[in-house]
Amino acid sequence: MKRGPVSLANLDLNLLVFLRELLRERNVTRAAQRVGVTQSAASAALSRLRRHFGDELLVRSRGGYLLSPLAVQLADQVEPVCASVERLFATSPDFCPEESDREFTLLVPDYVLAAFGERFSRELHAAAPRARLHVQVVKQALPHDVLDALRVLDGIVSAPSAALRGAGIRSLELFRDRWVCVVAADNPVLDGAGSHLALADLQRLPWVVPHHPDGGYPATFPLAPLIARLDERPRVAVRVDSYQATPYFVAGTDRVAVMQRRLAALFADRPDLRVLECPGDPPPIVESLWWHERHDEDDAHRWFRGIAARAARDPGAGLRAARPAHPIHESRPAASKRRSS
């Protein structure tokens, strides 16, 4: 018969230690010696365990004692339970990365993974090889209740938004990026365009847009300021729920994608794609780490934030060098060299 829930408040947890040794030794005397109690105290503990479980636990045989079927089940459970309790009470306010097996949970868009995910993973592993990481990828939008989500997450990496500016939420800027355009190498728009596009080109070319809601360009759309500079809203030819998948729907077509430079650089050595400057001076991309204020004084979390900041500072994080034939210019071209819209 399955037992109902048992309250820890009604249990003597000293019995847990004795139970472990009893099941290991299969002998009351040796279990008493292992725990450091008298024979009479051990016998009393065994009696209490038998009453609690309604089972003999140890069954006399010719060669000594055998575990009852229930005791065999308990032997499989008691070891991990005791190990967990020991780890719990060994926890110190002083965080030691080299010894910690803490799991950190991070919610990020797939673009951020491409931008600095590998560097972050390497930094974390080098400093805390036993620490665990749970990476959740943002599907379309942030959780509806961000503050509530941050109570169970160690952090969210995201561009600033109204939802993330509430009371109780802290942030640390990780890195900045900028927008570039990706087109197929044989796109007719490149005839005479050189390495720069004009706003008129963006207006007439069909777009590939990641994480784009059906039915328009909301004010929260990252490229809303750029869209506002166009006389007409561009036609979305492909909507894809992944930043990293975007270039695959540009190659071999007349489409254009406006992408983050760090992500576009991963595809810049493909001969069938061109990465170009984006016209219209769209605002920079700012990616920050956001966390709940309850983590402010947590040494482990403070260390975790430092690892993220250090990985993001590396200018080569997540990038491969672009081929010279398909440059991504670090400086803005002079206004006189741009095609006008």
Side-chain angles (χ1 to χ4, degrees), residues 94-139 142-143 146 149-161 163-165 169-180 210-211 222 242-247 259-269 275 283-322 328 330:
D94 299 321
F95 176 67
C96 180
E98 296 83 1
E99 300 177 3
S100 176
D101 62 353
R102 174 166 167 171
E103 180 175 85
F104 297 94
T105 304
L106 198 61
L107 181 65
V108 299
D110 67 335
Y111 149 64
V112 170
L113 291 181
F116 94 124
E118 181 176 345
R119 173 76 176 181
F120 176 66
S121 172
R122 289 175 181 270
E123 292 273 358
L124 185 70
H125 179 71
R130 296 180 57 204
R132 293 167 293 131
L133 185 62
H134 181 193
V135 179
Q136 301 177 12
V137 179
V138 177
K139 299 302 181 181
L142 294 177
V146 174
L150 285 173
R151 295 182 192 277
V152 296
L153 296 170
D154 286 287
I156 295 174
V157 180
S158 172
S161 68
L164 289 164
R165 297 192 181 280
I169 299 179
R170 305 285 190 261
S171 69
L172 169 69
E173 182 177 314
L174 293 180
F175 64 87
R176 294 195 172 211
D177 205 348
R178 59 187 178 84
W179 299 102
V180 294
H211 301 291
S242 168
Y243 288 106
Q244 297 190 48
T246 303
M259 299 178 57
Q260 303 92 338
R261 178 198 174 277
R262 289 195 178 201
L263 178 55
L266 294 175
F267 301 86
D269 60 356
V275 181
I285 303 162
V286 180
E287 297 291 343
S288 297
L289 174 66
W290 308 81
W291 68 91
H292 195 283
E293 63 180 359
R294 71 185 183 90
H295 293 304
D296 283 350
E297 303 306 319
D298 180 350
D299 285 345
H301 198 275
R302 188 183 293 113
W303 171 86
F304 178 75
R305 301 194 300 263
I307 290 289
R310 186 160 66 247
R313 279 199 302 269
D314 182 357
L319 298 180
R320 292 179 296 175
I328 303 178
E330 291 297 339

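Each residue takes its place number in the sequence, starting with 1.
Contact detail for His295 and Leu153: the closest heavy-atom pair is NE2-O, 3.4 Å. Across Ala264 and Val180, no two heavy atoms sit closer than the pair CB-CG2, 3.6 Å. The minimum heavy-atom distance between Trp290 and Leu150, with the atom names listed, is O-CD2, 3.6 Å. Residues Pro97 and Ala127 come closest through the heavy atom pair CB-O, 3.5 Å. The shortest heavy-atom contact between Tyr111 and Gln260 is CE1-CB, 3.2 Å. When all heavy atoms are compared, the tightest approach of His211 to Asp110 is NE2-OD1, 4.1 Å.
Atoms CG and CG, from Leu107 and Leu289 in turn, are 11.0 Å apart once rounded to the nearest 0.5 Å. In this structure, His125 NE2 and Arg122 CZ are separated by 10.0 Å, a value rounded to the nearest 0.5 Å. Between atom CZ of residue Arg305 and atom CZ of residue Phe104 there is a gap of 10.5 Å, rounded to the nearest 0.5 Å. Here the CZ atom belonging to Phe95 is positioned 5.0 Å from the CH2 atom belonging to Trp303, to the nearest 0.5 angstrom. Distance check, rounded to the nearest 0.5 Å: CG of Leu263 to CG of Asp177 gives 8.5 Å. Atoms OG and CZ, on Ser288 and Arg170 in that order, are 14.5 Å from each other to the nearest 0.5 Å.
Surrounding CD of Glu99 are at most 12 heavy atoms belonging to other residues, nucleotides or ligands under 6.0 Å away. Applying the 6.0 Å contact sphere to CZ of Arg302 captures more than 12 heavy atoms from other residues, nucleotides or ligands.
Using a 4.5 Å heavy-atom cutoff, the side chains of Glu173 and Val286 are in contact. Residues Trp179 and Pro222 have side chains in contact (heavy-atom distance under 4.5 Å, counting atoms from C-beta outward). A 4.5 Å side-chain heavy-atom check between Pro247 and Met259 finds at least one atom pair inside the cut-off.
By the 4.0 Å N-to-carboxylate-O rule, Arg294 lies too far from Glu297 to be salt-bridged with it. Salt bridge Arg132/Asp101: absent, no basic N to carboxylate O contact under 4.0 Å.
In this structure, Arg262 forms a cation-pi arrangement with Phe175, its terminal cationic atom sitting closer than 6.0 Å to the ring centre and no more than 45° off the ring axis.
Each of Leu113, Ile307, Val135, Leu174 was scored for a side chain to side chain contact (heavy atoms under 4.5 Å, CB included) with Phe120, with one residue passing: Ile307.
Applying the ring pair (Phe, Tyr, Trp, His ring centres under 6.0 Å) criterion to His292, with sequence neighbours excluded, gives no partner residue. For Glu287, the side chain to side chain donor-acceptor pair (under 3.5 Å) test picks out no residue, with sequence neighbours left out.
Side chains of Trp291 and Asp296: a donor on one and an acceptor on the other come within 3.5 Å.
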Check: residues 154-161 side-chain donor-acceptor pairs under 3.5 Å, at least two apart:
{"from": "Asp154", "atom 1": "OD1", "to": "Arg102", "atom 2": "NH2", "distance (Å)": "3.4"}
{"from": "Asp154", "atom 1": "OD2", "to": "Thr105", "atom 2": "N", "distance (Å)": "2.8"}

